[in-house]
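What follows is a short report on a single structure.
Keep in mind that the numbers below use all heavy atoms, side chains included, and drop hydrogens, waters and symmetry copies. Every chain is numbered from 1, with letters handed out A, B, ... down the list of sequences.
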Amino acid sequence: MPELLANLNPEQLAAVTLPNEPALILAGAGSGKTRVLITRIAWLIQQGLASPATVLAVTFTNKAAREMMARLQALLPIDTRGMWIGTFHGLCNRMLRAHYRDAGLPQTFQILDTADQLSAIKRLMKGLNVDDEKYPPKNLQYFINNAKEQGLRPKDVDVTDNFNRKFVELYEAYDQQCQREGVVDFAELLLRCYELLAYNAPLRAHYQARFRDILVDEFQDTNKLQYAWLKMLAGPANAIFAVGDDDQSIYAFRGANVGNMRDFEEEFRVKHLIKLEQNYRSHGYILDAANRLIEHNAHRLGKNLRTDAGHGEPVRVYEAATDSQEAGWIVEEIRALINTGLSRNEVAVLYRSNAQSRTIEHTLVNVGIPYRVYGGLRFFERQEVKHALAYLRLIDNPNDDTAFARVVNFPARGIGARSLEQLADAARLYNCSMAAAVPYVAGKAGSSLAAFATLVGRMRAETQQMSLPETVEYTVRMSGLAEFYQNEREGQDRLENLQELVNAATAFVSEEGYGLDTPARSIPLRPGATAAPEIVSDDGEIEVLDAPAITDPAQNPDLMTPLAGFLSHASLEAGDNQAQAGQDAVQLMTVHAAKGLEFTAVFITGLEEGLFPHENSAMEADGLEEERRLMYVAITRAKERLYLSFAQSRLLHGQTRYNVRSRFFDELPQETLKWLTPKVEAGARWGGRSDNAGYGRDWFSRPDRGASRDSYVESSAPLPAFANEQRAAETGFRVGQQVFHTKFGEGTITALEGSGTDAKAQVRFKRHGEKWLALAVAKLQPVE
DNA sequence: CATTTTCCGATTTTT
DNA sequence: TCGGAAAATG
């Protein structure tokens with residue numbers, strides 16, 4: 001199909017039509033990366049080189065997977081539903097369901113999301129009487145997930161000290177608890193699937209032979225375990241086609257390892273390295289800014305974006321006195337943009353941390369501009385939804401103690417902490433689940449627990465033949481959740497969400513192509529399938545019975561009941577945060593959340609030392625480089641208009657902080673910048689810049705004297721009057737404030753005098769008495 | 001058992 | 001400062 005390949009540039013075309021050999025595509029921002037990925041799959045299938053069943057494409061988010069399937073569906077007359085396109089977790093879940101016995105899991109295993117995992121850990125520690133002050137559950141959670149992502153089981157973790165030994169012990173106990181309950185956490189999905197392939201040679205060979213083409217999106221975001229999993233699938237006759245951009249690696253903090261790109265190149269002797277450098281998104285000045293900034297990073301694979309578009313508008317820079325003034329200016333500019341006819345959806349306000357959204361939201365509300373904030377609570381994370389899901393999980397797998405503990409007393413049935421303690425004791429004694437331990441609890445507690453057990457048992461029996469939507473509807477009703485929220489004063493929204501859950505189940509059934517009457521708890525036979533397929537392992541001998549799935553992926557390749565599928569879906573895809581979705585609104589989000597998106601006009605706000613780059617990143621290895629990549633991602637979101645802003649002072653956690661403008665301004669090509677406020681040179685800045693002192697250090701510097709009230713030009717909003725704060729703003733300190741001096745220790749400011757470089761403070765130190773200090777010299781730090 | 005009070009944390013986040 | 005979660009109280 002020539003149309004398929006039409007309009008591809010030479011590099012894109014080369015990438016799309018590469019032979020079946022290891023390939024690494026370095027795809028810059030806005031270079032048509034997704035298009036290459038999708039077109040290659042379509043091209044392979046169309047050429048007869050691959051079939052829908054022999055392609056495996058893996059992404060990081062469900063959104064990306066969905067987009068890929070939808071666009072592929074539009075290109076080819078095939079059903080993409082059965083194709084192995086999904087997230088790492090989604091695909092691992094699918095494989096584990098198909099081979100649950102080989103993986104050592106019950107057929108009805110459930111998936112713990114992050115919150116479930118934490119509550120499981122807390123329950124475990126309580127049962128073992130572990131001091132949660134000394135061993136914070138959150139730290140243990142991090143420890144466990146980190147170990148799993150390194151591919152380490154408890155026995156593989158190096159014990160370095162007693163503290164660490166305790167963590168390893170708890171890790172082991174946690175894994176045992178999960179195994180007993182038939183639950184897996186996110187990292188376990190990947191590790192278990194990796195081990196399944198690693199320890200089962202015939203199965204590994206089967207999948208290596210099956211998946212001729214393995215395509216990976218956002219390869220720079222893969223962690224060690226994900227890469228190891230991919231390597232398990234790479235065999236003698238297939239190849240990995242990896243697409244990524246090392247300059248957009250911004251997830252090191254959650255285990256992403258950019259080094260995987262270099263490792264892949266070496267380990268697979270990658271012959272085909274193609275750089276996509278033609279950018280189809282941004283105007284020239286914006287791209288110049290991005291290119292120049294990222295050049296300051298040392299360890300790059302190397303890439304330079306170019307565009308055929310003209311220079312376009314310069315990058316506008318604004319210095320504000322305060323964060324609220326910054327917000328005022330942003331909102332005025334947005335108003336002007338909208339007045340020129342720009343749609344609100346095409347305007348994004350980006351910030352480094354969520355706390356910054358408040359001021360901007362506040363200002364937008366004041367002038368009545370609709371906006372949408374990304375992030376926040378998502379549908380399947382809502383408490384009422386999680387409650388309903390817990391009942392469904394109990395119906396499917398009674399051993400799921402996390403679900404049991406969640407709803408045993410919700411709605412309230414008189415089962416308090418003491419009853420539960422008795423139950424937990426019994427469960428430990430008989431080494432069984434809480435549900436199974438119910439008969440061993442005597443007395444009043446025993447009878448209320450028994451009533452709950454009877455309820456769940458009845459629900460399980462009565463839903464046996466029901467379809468998924470019927471099961472959900474029945475569960476919401478019989479659990480008493482519907483009634484509870486009905487009677488609750490503020491329960492209407494929650495009640496609606498429960499109804500929405502029923503709708504979600506209906507939508508799920510239809511999207512997955514099940515018949516509406518398919519029982520929720522049996523493995524469905526789809527039209528055309530001859531038998532319920534299953535893979536049985538016998539002494540390492542693998543009998544592959546899923547032949548229909550291989551020739552026709554639309555025919556039930558999953559071996560998953562609709563209920564298991566729905567519960568997995570709920571855990572793996574938390575859903576949208578539905579706040580103000582749909583309407584034409586200005587988009588507010590963190591820079592991280594903006595990755596992959598594009599807007600006509602972009603505001604990057606809070607460009608201050610300590611905030612962006614963030615002070616905490618100074619502690620981490622290569623932290624500054626990651627911050628710079630983050631800035632690179634932010635800049636490359638903009639198509640036509642880019643605005644950068646910063647504020648001299650900012651209210652954060654109830655305290656005013658005085659910040660120096662971000663070093664990133666000095667790393668941008670000055671000729672692309674148009675300062676809307678006078679640019680103050682670093683040398684003229686109070687106290688100067690201390691580039692070698694570690695950038696987390698000097699964010700308490702004085703406000704900028706150069707930018708006094710009347711020196712603003714082109715300022716669309718008047719400066720706020722803050723005369724009563726003037727002294728504080730000028731010196732960065734106020735009388736009565738607690739400060740710390742490197743030599744004299746802690747003290748209280750008793751007086752302030754002078755301004756600018758002559759500013760002095762009188763400080764009463766705890767040990768050294770009262771002293772006058774020249775603020776230009778003394779390194780005073782505020783103390784909370 | 002439910003409501004009030006206190007306490008803690010505070011960068012980024014998907015699965 | 002502020003919001004969620006644990007602890008304290010009626």
Re B:dT12: Watson-Crick or G-U wobble partner, both distances kept under 3.5 Å, found to be none
5′-ward residue of the pair A:A412/A:L630 relative to DNA chain B: A:A412
Quick one: [X] [atom1] to [N] [atom2], roughly how many Å, whole number?
| X | N | atom1 | atom2 | value |
| --- | --- | --- | --- | --- |
| A:F410 | B:dA2 | CZ | P | 9 Å |
| A:L118 | C:dA5 | CG | P | 10 Å |
| A:R657 | C:dT1 | CZ | P | 16 Å |
| A:L652 | B:dT11 | CG | P | 9 Å |
| A:Q356 | B:dT11 | CD | C1' | 10 Å |
| A:L225 | B:dT15 | CG | C1' | 13 Å |
| A:K138 | C:dG4 | NZ | P | 13 Å |
| A:F88 | B:dT14 | CZ | P | 16 Å |

Specify whether A:H569 and A:F566 have parallel, tilted or perpendicular ring planes, treating 30° as the upper limit for parallel and 60° as the lower limit for perpendicular. parallel
It should be established whether [X] places a side-chain nitrogen or oxygen under 4.0 Å from OP1 or OP2 of nucleotide [N].
| X | N | answer |
| --- | --- | --- |
| A:R378 | B:dT15 | yes |
| A:N223 | B:dT14 | no |
| A:N62 | B:dT14 | no |
| A:N354 | B:dT12 | yes |
| A:S353 | B:dA10 | no |

Of the nucleotides [options], which has the atom closest to the [X] side chain?
| X | options | answer |
| --- | --- | --- |
| A:K122 | C:dA6, B:dT13, B:dT15 | C:dA6 |
| A:H653 | B:dA10, B:dT15, B:dT11 | B:dA10 |
| A:T61 | C:dC2, B:dT14, B:dT11 | B:dT14 |

I want to know whether A:F664 and A:F612 have ring centres closer than 6.0 Å. yes
Which of these, A:R650, A:R352, A:R663, A:R661, sits in a salt bridge (charged side-chain N to carboxylate O under 4.0 Å, His left out) with A:E608? A:R650
Counting the atoms with a prime plus P, OP1 and OP2 as sugar-phosphate, which does [X] contact under 4.0 Å by heavy atoms, base, sugar-phosphate, or nothing?
| X | value |
| --- | --- |
| A:I415 | sugar-phosphate |
| A:F253 | base |
| A:E188 | nothing |

Is any side-chain heavy atom of A:F380 less than 4.5 Å from a side-chain heavy atom of A:K386? no
So do the side chains of A:E609 and A:E615 get within less than 4.5 Å of each other, counting heavy atoms only? no
Base of B:dT15, side chain of A:S571 - is there a donor-acceptor contact under 3.5 Å? no
Hey, are A:S649 and A:R657 close enough side-chain-wise for a donor-acceptor pair under 3.5 Å? no
Ring centroids of A:H614 and B:dT11 base under 5.5 Å with planes under 30°: yes
